There are 2 protein chains.
Amino acid sequence: MKILIVDDEYDILEFLSYNLKKEGYEVFTAQNGIDGLKQAKKIIPDLIILDVMMPEMDGMQLCEQIKSTAKLENAFIIFLTARSEEYSELAGFSSGADDYVTKPISPKLLISRIKAILKRGNGFKDDDVISIEKLLIDKQKHIVKYDDQDIVLARKEFKLLYCLMTMPGKVFTREELITKVWNDAYVGDRTIDVHIRKIREKIGVNYIKTVKGIGYKFNL
Amino acid sequence: MKILIVDDEYDILEFLSYNLKKEGYEVFTAQNGIDGLKQAKKIIPDLIILDVMMPEMDGMQLCEQIKSTAKLENAFIIFLTARSEEYSELAGFSSGADDYVTKPISPKLLISRIKAILKRGNGFKDDDVISIEKLLIDKQKHIVKYDDQDIVLARKEFKLLYCLMTMPGKVFTREELITKVWNDAYVGDRTIDVHIRKIREKIGVNYIKTVKGIGYKFNL
DNA sequence: CAAAAGGTTAACAATTTGTTAACATTAGAA
DNA sequence: TTCTAATGTTAACAAATTGTTAACCTTTTG
């Protein structure tokens, strides 16, 4: 579940980021509205936490921008306000916010609000699960199934398959795979081939195509 | 309802004590962390109000001590901070606080926060009971049953199992478990394994699957 | 306060995973 | 078709991860 926090105060970004990450959310941050909007468009967060008061583009404006962006119109929004008195100011706007939390922020309160909001919404989007044809891969559960049959892959094999399945059809060069799966470790090309072979063997069906001279790709 | 206030400033103790007693709470006070912890263990308060800045043992440290004391781990905690800028200092700690209140303290605000917290605590039993297959875990009653047979788990074992059962199937890395079960304490990986082993031993059925290279997950 | 229970760690064993070299095979250009 | 570079396969070995035990320290409880 992806959360974007936009606040000009670095301390608050740090504070919230820490507490939300601990809860298992993917947290992204921005220190101003411009950057916030840019990031939001890229990340497509499920929830956006906005400071009302910010230089350049305040929370209100940003909220309107967000709500008028097709990809983001379903994102949930929580406003942070300095004091509860500012409710009155907020009231006048049909800003499209889903909740308000006043500073100073209690992380437990915020988290319970977030959970409430995400539960409320149809927020069931397991973006960690990729399912293509009879093959399913679930990153969170670390499970691979072919035709509902469990397939046990080792760590590297799993990462490799997941990588290929994130962009079906795209050819990954060995260099790319070493970057994405091996974190640029110094491994030989044959190592990759061996892992590919093991995956093919375990799945039984050849979903991974060799593109001679280039690399590998996931394809039916 | 018992409340313990720990603050080195006598005036604040007096002030809060007076206001809270007026609301009908049983109020206890301590002027430093050492004494605060000692009293807490004796009194077992429902709520503890801690000053972040104190000589000898500050609020953070005291909070950690409290949270790692079995009898006190369910106590609610409110921090008093001098200014909201101190977020940054709070950020680095997994404090386990339920709320923050900044000085100067408005007794009205504080009391409303206290009521909110205590209400939250009594009223809602989120999903404190999780039942999967023949295994049942009840957080409130601190009970585990397998096939209607009582299983006695130690505190850490319980917390660990509960954590895993909140998201069946999800693989928890050891890092995640240290955050959620140990509150980021410095414990070795083998410690987790030992606890896992004990749980498996006590339940008798292997509900906890090892995902090599990643961590553990609850699964049938 | 002492006994019992719980928590942590180190050391080592057992197991799984990752890598490589060597060789076999294959695709595709010439 | 033939040749060659690229890929596939295998097995051996190295490295990493987890399981287990026992000892030791801490906390809780009677």
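Residue numbering restarts at 1 for every chain, and letters A, B, ... go by the order of the sequence lines. Everything quoted here is computed from the prediction, not taken from an experiment.
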When rounded to whole Å, the CD1 to C1' distance for the pair B:Ile199 and D:dT20 reads 16 Å
Looking only at side-chain N and O atoms, does A:Arg200 come under 4.0 Å of OP1 or OP2 in D:dG8? yes
Whichever of A:Ile196 and B:Gly215 has the more 5' nearest nucleotide on DNA chain D, that residue is A:Ile196
Check the distance between C:dT15's P and A:Arg155's CZ and give it to me in whole angstrom. 20 Å
Measure from CG on B:Leu177 to P on D:dT18 and round the result to the nearest Å. 11 Å
Can you tell me if the side-chain N/O atoms of A:His195 get under 4.0 Å from OP1 or OP2 in C:dT19? yes
Do B:Leu4 and B:Asp46 come close enough that some side-chain heavy atom pair is under 4.5 Å? no
Taking the cut-offs as 6.0 angstrom to the six-membered ring centre and 45 degrees off its axis, would you call A:Lys156 and A:Phe158 a cation-pi pair? no
Could you work out which one of D:dT20, C:dG18, D:dT9 sits closest to the side chain of A:Ala154? C:dG18
To the nearest 0.5 Å, what is the distance between CD1 on A:Ile12 and OG on A:Ser17? 13.0 Å
What does the B/S/- profile of nucleotides 20-30 of chain C look like, 5' to 3', with a 4.0 Å heavy-atom cutoff to protein? B-B---BB---
Reckon A:Phe158 touches a base, only the sugar-phosphate, or nothing at all at heavy-atom distances under 4.0 Å? nothing
Kindly indicate, with the supporting measurements, whether the criterion salt bridge (Lys or Arg N to Asp or Glu O under 4.0 Å) is fulfilled by B:Arg200 and B:Glu157. CA-CA 10 Å; B:Arg200 284 171 172 159; B:Glu157 291 161 18; over 6 Å; no
Figure out the NE2/C1' separation between B:His142 and C:dA5, and round it to whole Å. 14 Å
Between A:Phe218 and A:Tyr207, what is the ring plane arrangement, given parallel below 30°, perpendicular above 60°, and tilted in between? parallel
A:Thr191 and A:Arg174: side-chain donor and acceptor closer than 3.5 Å? no
Take atom NZ of A:Lys217 and atom P of D:dT7, then tell me their distance rounded to the nearest Å. 14 Å
Axis-to-axis angle between the two ends of the helix from C:dC1-D:dG30 to C:dA30-D:dT1 (five base pairs per end, rounded to 10 degrees): 40°
Hey, does the side chain of B:Trp182 come within less than 4.0 Å of C:dG7's phosphate (OP1/OP2), counting only N and O? no
For a quick test of reading the model: is some side-chain N or O of A:Arg174 closer than 4.0 Å to OP1 or OP2 of D:dT7? yes
Counting side-chain heavy atoms from CB outward, which of D:dT18, C:dT17, C:dT19 is closest to A:Lys198? C:dT19
For atom CD1 of B:Ile214 and atom C1' of C:dT16, their distance in whole Å: 13 Å
For this output row, return yes or no: ring centroids of A:Phe172 and A:Tyr216 closer than 6.0 angstrom. no
Residues forming a side-chain hydrogen bond (donor to acceptor under 3.5 Å, both in side chains) with A:Arg197, sequence neighbours excluded: A:Glu201
Please determine whether a side-chain nitrogen of the Lys or Arg among B:Glu23 and B:Lys115 lies less than 4.0 Å from a carboxylate oxygen of the Asp or Glu. yes
Taken to the nearest whole Å, NZ/B:Lys71 to P/D:dT26 is 18 Å
Give the nucleotide from the list C:dG7, D:dG8, D:dG19 with an atom nearest to the side chain of A:Thr210. D:dG8
Would you mind classifying the nucleic acid contact of A:Arg197 as base, sugar-phosphate or nothing, using non-hydrogen atoms under 4.0 angstrom? base
For a quick check of understanding: with a heavy-atom distance under 4.0 Å over all strands, which category does B:Val211 fall into, base, sugar-phosphate or nothing? sugar-phosphate
Write down the distance between NZ (B:Lys156) and C1' (C:dG7), rounded to a whole number of angstrom. 7 Å
Under 6.0 Å from the ring centre and within 45 degrees of the ring axis: does the NZ or CZ of A:Lys21 meet both conditions for the six-membered ring of A:Tyr18? no
